[in-house]
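The chains referred to below are lettered A, B, ... by the order of the sequence lines, with proteins before strands, and numbering in each begins at 1.
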Amino acid sequence: MGSRWGDTVILAAMPEGHTIHRLAQDLVATLGSAPGAATVQATSPQGRFADGASLLDGDRLISAEAFGKYLFCHFGGALLHVHLGLIGKFRPNPPDVPGGDTVRLRLENDRIAWHLTGPARCELVTPDEASAIVAGLGADPLRPRTRPTSLHRLLARTAKPIGATLLDQQVVAGIGNVYRAEILFLRGIHPERPSSSLSADEIDGIWSEAKRLLRRGVRLNRIVTTSPAEIGRPLARIDGDDRLYVYHRTNCRRCGSELGTLEIGGRPIQFCPSCQPA
DNA sequence: CCATCATGGATAT
DNA sequence: TATCCCTGATGGC
């Protein structure tokens, strides 16, 4: 269930790039400081980020930004880096909800309390350390004015399957296991195709599809890749089994064919043998 | 109650 | 390639 914040229901979103970009927006909107606005109280109910939290306590959140799945929160006097990993969550609560013993970091003002649980990373970093993290990432389709130039170059250079390179954050940042499967489905590309065999048009297609789907993910705060026309319902009302074409399904949502499953890039991917011929 | 699994990634071998 | 790390929903007993 989502928690309610104003008119917006904020769902417990799943951590691919859209989740992190949406978090950056929501954190600034709810905790961010207009000049003279209230400061943030920071604690670590779990205790594992006690030093960092005490350093942030009483500071102001100036801005927050996402690069792929990496989140950076710029406070007045410190820079917080958060990576949710597979199971991490950063959830909004009413301010009277206390943090439980799994809450690594609690950021609170008079209106809201954000609870960070299960992060792969929660640390204070220097600007140089943050730059080094960002420098190691491929192009992020959710970043403004970003072009797929490096994507073309990196794919041309490797015969590794496209299903593997799309998961590699050094090649393209923000795509995870769900979007990988859905993007390749929508572009009709078999996941085992060697990256270097893709045409320029196919790479541009992957890029624009990623941009479209991830942007939609930010807007909805969840992953929906099916089209309203195909499902026969408005986007906001597409849910459950109808949200995806192939990921974690046994049959193709479009043509009904039995899906294949392969382990590529160390993780399982479903594909439609009919819609994505080899 | 317990085991399993998940939309991720760093680190060891 | 294998192992480990975090949490919590789920399903089997």
Side-chain angles (χ1 to χ4, degrees), chain A residues 1-3 10-23 44-50 52 66-72 81-91 93 97 99-106 114-123 125 129-130 132-138 140-142 160-161 163-186 191 209-210 213-218 220-226 239-241 243-250 261-271:
Chain A
M1 255 316 78
S3 45
I10 303 178
L11 300 164
M14 317 306 179
E16 294 195 25
H18 69 297
T19 306
I20 314 306
H21 282 261
R22 175 60 183 259
L23 260 178
S44 178
Q46 179 193 57
R48 294 183 55 178
F49 190 56
F67 291 85
K69 302 171 189 170
Y70 295 74
L71 175 68
F72 297 94
H81 168 227
V82 169
H83 195 292
L84 294 182
L86 180 60
I87 62 172
K89 300 270 193 299
F90 211 162
R91 291 177 281 217
N93 298 276
V97 176
D101 59 7
T102 61
V103 177
R104 183 81 54 90
L105 172 64
R106 185 173 193 273
W114 287 87
H115 290 179
L116 173 66
T117 58
R121 288 275 183 280
C122 172
E123 59 192 358
V125 295
E129 288 167 335
I133 292 170
V134 173
L137 295 173
D140 177 350
L142 283 175
K160 279 193 278 189
T165 46
L166 283 190
L167 273 191
D168 185 344
Q169 303 300 300
Q170 301 181 63
V171 172
V172 54
I175 293 175
N177 208 23
V178 178
Y179 281 124
R180 154 177 90 152
E182 297 294 309
I183 289 166
L184 290 175
F185 170 82
L186 281 162
E209 198 72 75
L213 293 180
L214 284 156
R215 278 180 173 170
R216 180 196 277 185
V218 172
L220 301 176
N221 210 7
R222 64 198 182 107
I223 302 177
V224 179
T225 64
T226 48
D239 51 20
D241 237 27
R243 295 185 305 116
L244 307 169
Y245 288 105
V246 293
Y247 177 79
H248 263 204
R249 297 182 57 96
T250 55
T261 296
L262 292 166
E263 174 133 337
I264 301 180
R267 319 199 54 190
I269 179 171
Q270 287 75 37
F271 68 99

Colleague: Just to be sure I understand the rule, does A/Q170 reach a base, reach only the sugar-phosphate, or reach nothing, if contact means heavy atoms closer than 4.0 Å?
Modeller: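 If one applies the 4.0 Å heavy-atom cut-off, A/Q170 turns out to touch nothing in the nucleic acid.
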Colleague: Let me check I have this right: for DNA chain B, each base becomes ., (, ), [, ] or |, based on Watson-Crick or G-U pairs with both distances under 3.5 Å. What is the full string?
Modeller: ||||||.|||||.
Colleague: Please give the distance between the P atoms of C/dT3 and B/dT4 as a whole number of Å.
Modeller: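 Straight-line distance between the two P atoms is 15 Å.
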Colleague: Looking only at non-hydrogen atoms, find the nearest pair between A/I264 and A/L167 and report the distance.
Modeller: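 So the minimum-distance heavy-atom pair works out to O-CD1, 4.4 Å.
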Colleague: A/T102 side chain N/O closer than 4.0 Å to the phosphate oxygens (OP1, OP2) of C/dG8?
Modeller: yes
Colleague: State the CG-NE2 distance between A/L71 and A/H21, to the nearest 0.5 angstrom.
Modeller: 9.5 Å
Colleague: With C1' as the reference atom in both, quote the distance from C/dT1 to B/dT7 in angstrom, rounded to an integer.
Modeller: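 Straight-line distance between the two C1' atoms is 22 Å.
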Colleague: Can you label the angle between the A/H81 ring and the A/Y70 ring as parallel, tilted or perpendicular, going by 30° and 60°?
Modeller: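 Parallel.
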Colleague: Can you measure A/L214 atom CG to B/dT7 atom C1' for me and round it to whole angstrom units?
Modeller: 12 Å
Colleague: Does a nitrogen or oxygen in the side chain of A/R48 sit under 4.0 Å from OP1 or OP2 of C/dT7?
Modeller: no
Colleague: Using atom P in both nucleotides, what's the gap between C/dC13 and B/dC5 to the nearest angstrom?
Modeller: 14 Å
Colleague: Restricting to non-hydrogen atoms, name the atom on A/I223 and the atom on A/R243 that form the minimum distance, rounded to 0.1 Å.
Modeller: O-NH1, 2.6 Å
Colleague: Should the ring pair A/F185 and A/Y245 be called parallel, tilted or perpendicular, given that the plane angle runs from 0 to 90° and is split at 30 and 60?
Modeller: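 Parallel.
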Colleague: What is the per-nucleotide protein-contact pattern of nucleotides 8-13 of chain B, from the 5' end, where B denotes a base atom under 4.0 Å from a protein heavy atom, S denotes such proximity for sugar-phosphate atoms only, and - denotes neither?
Modeller: BSS---
Colleague: Distances under 3.5 Å between protein N/O atoms and the N/O atoms of nucleotides 1-4 of chain C, please, pair by pair.
Modeller:
none

Colleague: At what distance, to the nearest 0.5 angstrom, does CH2 of A/W114 lie from CG of A/L105?
Modeller: 12.0 Å
Colleague: Describe the nucleic acid contact of A/Y247 in one word from base, sugar-phosphate, nothing, applying a heavy-atom distance below 4.0 Å.
Modeller: sugar-phosphate
